[in-house]
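Scroll down for the structure; my scribbles are underneath it.
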Amino acid sequence: MGIYEELVERGLIAQVTDEAKVRELVNAGKATFYIGFDPTADSLHVGHFMALCLMKRLQEAGNKPVALVGGGTGMIGDPSGRTDMRSMMTNDIIDHNCDCFRKQMARFIHFGEGASDAMMVNNADWLRDLNFMNFMREVGVHFNVNNMLRARAYENRMAREGGLTFFEMSYMLLQAYDFYRLYCDKGCNLQFGGDDQWSNMLAGSDLIRKKTGHDDAYAMTITLLTKSDGTKMGKTSGGAVWLDPEKTSPYDFYQYWRNVDDGDVIKCIKMLTFLPLEEIRPMESWEGEKLNEAKDILAYELTKLVHGEQEAEKAREASKALFAGGGDSANLPQMTLSEADVADGIGILDIIVKAGFAATKNEARRALTQGGVTVNGDKVDDPKTVYEKKDFADFVLKKGKKKFVKVVVE
RNA sequence: GGGUGGUUUCCCGAGUGGCCAAAGGGGACAGACUGUAAAUCUGCUGCAUCUUGCUUCGAUGGUUCGAAUCCAUCACCACCCA
């Protein structure tokens, strides 16, 4: 079975421009493919994860990955967000974010000079100095507005109240131009992207054909990983699930996957883990309580991929200790209070807020009033409860069903 | 550029002088039930020194005993016409 067939069986491929050609190319390890990332934050998140996995798979099969960061497009930002200040991104921040991306990506794919080694490019290199007149003459003429408006991506936005700005429309030209440049400069012959990018990607292939007369630049989209209720994967109440351990701890990362819906587990294992398909197939018939095992496998495998085996073990141990009893409690998520914090005793509400389990003391009070707060397994129902230093020799705070933290004083 | 309508607490959205910390829904959070799932039911949802106090309804200023509600100016947004 070739890599292409494997991708299909894992449910990763949504659409392809020329299936036969792409299969041949990819299976032979002759593709130089690119995927774009917008550097809107200083860490990649779960939404990017699938793209990373795909790059890794293809690289292992001998293909050459090109990671494109949108330093040029990211400069302007997506204007569809309302009052957000995404346009405030300066070159420094973008460059910093690109650096962070590269470091994180290096965990998955190998960068270097070899034939199948990955390279990273920044579209700022060609977009920032673009001359509008030249661009319109060389690229703009090849785009037909009637056709563009027929694209799904635009159709939706046309119906929306705010309408569609010229910038948003231009995005397609910029992305198409990226592909064209990479095709000419780096020999890039395949573009990957989320399924929502399909029309932009096609535009790239079209542009290359129109400008060069060559018919060998292909596009392929990845199935968007959505939950069974249709919402995006990787969002929690606290925001995105990050790959950076400073922003989302390995324990929280593990827990995120441990808690996916029943209907999403197998799909996630197939799409995101590197377990061989032979091992996954039997799991597809699992149901009911048995699925919890699959969730554990999913959580463990992904934590291992992102944070390493050691962290994955720790997260698993901590989870066992908290939920199943018996695991090693040494690995629980921990919070440190200073001597000064506890000098005069510290109220339970303050501890909850400090632990990040509540944004305000009112919120902490609410959880407590409703019986959702325990310390070492004992329910705390008086919001005025005060703890002193000696109490923290052994202190595990629990809020709600799933939030635990071990509190220590240093 | 002209005309009209709008800006309300996390989101949608009611409120058009006191009964408004502000209906209803969604989401979030907590409880029950469970499998660390889903569905369902219940509670809860501005802040705090919490039977009380303080600060909110685009911004500023004004009218009034009293304003989210009335007036003025400004800012922003949407729709229609150019």
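So that the names make sense, note that chain A is the first sequence line, chain B the second, and so on, each numbered from 1. What you see below is based on every heavy atom in this structure, not just the backbone, and it leaves out hydrogens, waters and symmetry mates. None of these values were measured; they are calculated from a predicted model.
- In this structure, A/Glu24 does not pair ionically with A/Lys21, as no charged nitrogen and carboxylate oxygen lie closer than 4.0 Å.
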Give every pair of a protein N or O atom and an N or O atom of nucleotides 30-34 of chain B that lie under 3.5 Å apart, one pair per line with the distance.
{"from": "B/A30", "atom 1": "O2'", "to": "A/Gln370", "atom 2": "O", "distance (Å)": "3.2"}

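- Distance check on atom P: B/C81 versus B/C29 gives 45 Å, rounded to whole Å.
- By the rule that a glycosidic angle within 90° of 0 means syn, B/U4 does not qualify and counts as anti.
- Within the structure, the ring-ring contact (aromatic ring centres under 6.0 Å, His included) test picks out the following pairs touching residues 266-317 of chain A (sequence neighbours left out): A/Phe253-A/His307.
- Near-neighbour residues of RNA chain B inside residues 244-265 of chain A, defined by a heavy atom below 4.0 Å, number-ordered: A/Gln255, A/Arg258, A/Asn259, A/Val260, A/Asp261, A/Asp262.
- Under a 3.5 Å cut-off, the side chain of A/Lys210 and the backbone N or O of A/His142 do form a donor-acceptor pair.
- With sequence neighbours excluded, the residues forming a ring pair (Phe, Tyr, Trp, His ring centres under 6.0 Å) with A/Phe108 are A/Phe49, listed by chain and number.
- Taking the C1' atoms as reference points, B/A48 lies 29 Å from B/A14, given to the whole Å.
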Ignoring hydrogens and angles, write down the donor-acceptor pairs under 3.5 Å from the side chains of residues 366-380 of chain A, residues two or more places apart or on other chains.
{"from": "A/Thr369", "atom 1": "OG1", "to": "A/Arg365", "atom 2": "O", "distance (Å)": "2.5"}
{"from": "A/Asn376", "atom 1": "OD1", "to": "A/Val396", "atom 2": "N", "distance (Å)": "2.8"}
{"from": "A/Asn376", "atom 1": "ND2", "to": "A/Asp394", "atom 2": "O", "distance (Å)": "2.8"}

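- Take A/Asp18 and apply the side-chain hydrogen bond (donor to acceptor under 3.5 Å, both in side chains) test, not counting sequence neighbours, and it matches no residue.
- Taking atom P in both B/A30 and B/C47, one finds a spacing of 16 Å when rounded to whole Å.
- A 3.5 Å limit on both hydrogen-bonding distances identifies B/G62 as the Watson-Crick or G-U partner of B/C70.
- Each ring-ring contact (aromatic ring centres under 6.0 Å, His included) pair with one or both residues in residues 329-386 of chain A, not counting sequence neighbours, would appear here, but there are none.
- Identified under the ring-ring contact (aromatic ring centres under 6.0 Å, His included) test for residues 363-401 of chain A, with sequence neighbours left out: A/Tyr387-A/Phe395, A/Phe392-A/Phe395.
- Residues satisfying the side-chain hydrogen bond (donor to acceptor under 3.5 Å, both in side chains) criterion with A/Glu6, sequence neighbours excluded, are A/Arg10.
- A salt bridge links A/Lys389 to A/Glu339: one of the charged nitrogens lies within less than 4.0 Å of a carboxylate oxygen.
- Remark: the separation of the P atoms in B/U9 and B/A68 is 14 Å, to the nearest Å.
- A salt bridge links A/Lys267 to A/Asp264: at least one charged side-chain nitrogen sits closer than 4.0 Å to a carboxylate oxygen.
- Comparing B/U8 with B/A22, their C1' atoms are spaced 9 Å from each other, to the whole Å.
- The gap from the P atom of B/A23 to that of B/U45 amounts to 10 Å, rounded to the nearest Å.
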Are there any protein N/O atoms within less than 3.5 Å of an N/O atom in nucleotides 50-52 of chain B, and if so, which ones and at what distance?
{"from": "B/C50", "atom 1": "N3", "to": "A/Asn362", "atom 2": "OD1", "distance (Å)": "3.1"}
{"from": "B/C50", "atom 1": "N3", "to": "A/Arg365", "atom 2": "NE", "distance (Å)": "3.0"}
{"from": "B/C50", "atom 1": "N3", "to": "A/Arg365", "atom 2": "NH2", "distance (Å)": "3.1"}
{"from": "B/C50", "atom 1": "N4", "to": "A/Asn362", "atom 2": "OD1", "distance (Å)": "3.3"}
{"from": "B/C50", "atom 1": "N4", "to": "A/Arg365", "atom 2": "NH2", "distance (Å)": "2.6"}

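- The gap from the P atom of B/C33 to that of B/U42 amounts to 16 Å, rounded to the nearest Å.
- For B/U4, the paired base is B/A78 (Watson-Crick or G-U wobble, both distances below 3.5 Å).
- Base pairing of B/U56: no nucleotide in any strand meets the Watson-Crick or G-U wobble criterion (both distances under 3.5 Å).
- For A/Thr360 and A/Glu287, each mapped to the nucleotide of RNA chain B holding its nearest heavy atom, the one lying further toward the 5' end belongs to A/Glu287.
- Comparing the P positions of B/G18 and B/C11 gives a spacing of 26 Å, expressed to the nearest Å.
- In this structure, A/Glu293 places its CD atom 14 Å from C1' of B/A37, rounding to the nearest Å.
- Around CE of A/Met133, the count of heavy atoms belonging to other residues, nucleotides or ligands within 6.0 Å does not exceed 12.
- Within the 4.0 angstrom heavy-atom criterion, no nucleotide atom of any strand lies near A/Thr369.
- Counting non-hydrogen atoms of neighbouring residues, nucleotides and ligands closer than 6.0 angstrom, the NZ atom of A/Lys354 reaches no more than 12 such neighbours.
- In this structure, A/Leu368 atom CG and B/C44 atom C1' are separated by 14 Å, rounded to whole Å.
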Using the 3.5 Å cut-off, write out each protein N or O paired with an N or O of nucleotides 53-55 of chain B and the distance between them.
none

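- B/C29: Watson-Crick or G-U partner is B/G43, with both key distances under 3.5 Å.
- With sequence neighbours left out, A/Arg23 forms a salt bridge (charged side-chain N to carboxylate O under 4.0 Å, His left out) with A/Glu5, A/Glu19.
- Pairing of B/G35, defined by two Watson-Crick or G-U wobble distances under 3.5 Å, is not identified with any nucleotide.
- A salt bridge links A/Glu293 with A/Lys290; the closest basic N to acidic carboxylate O contact falls under 4.0 Å.
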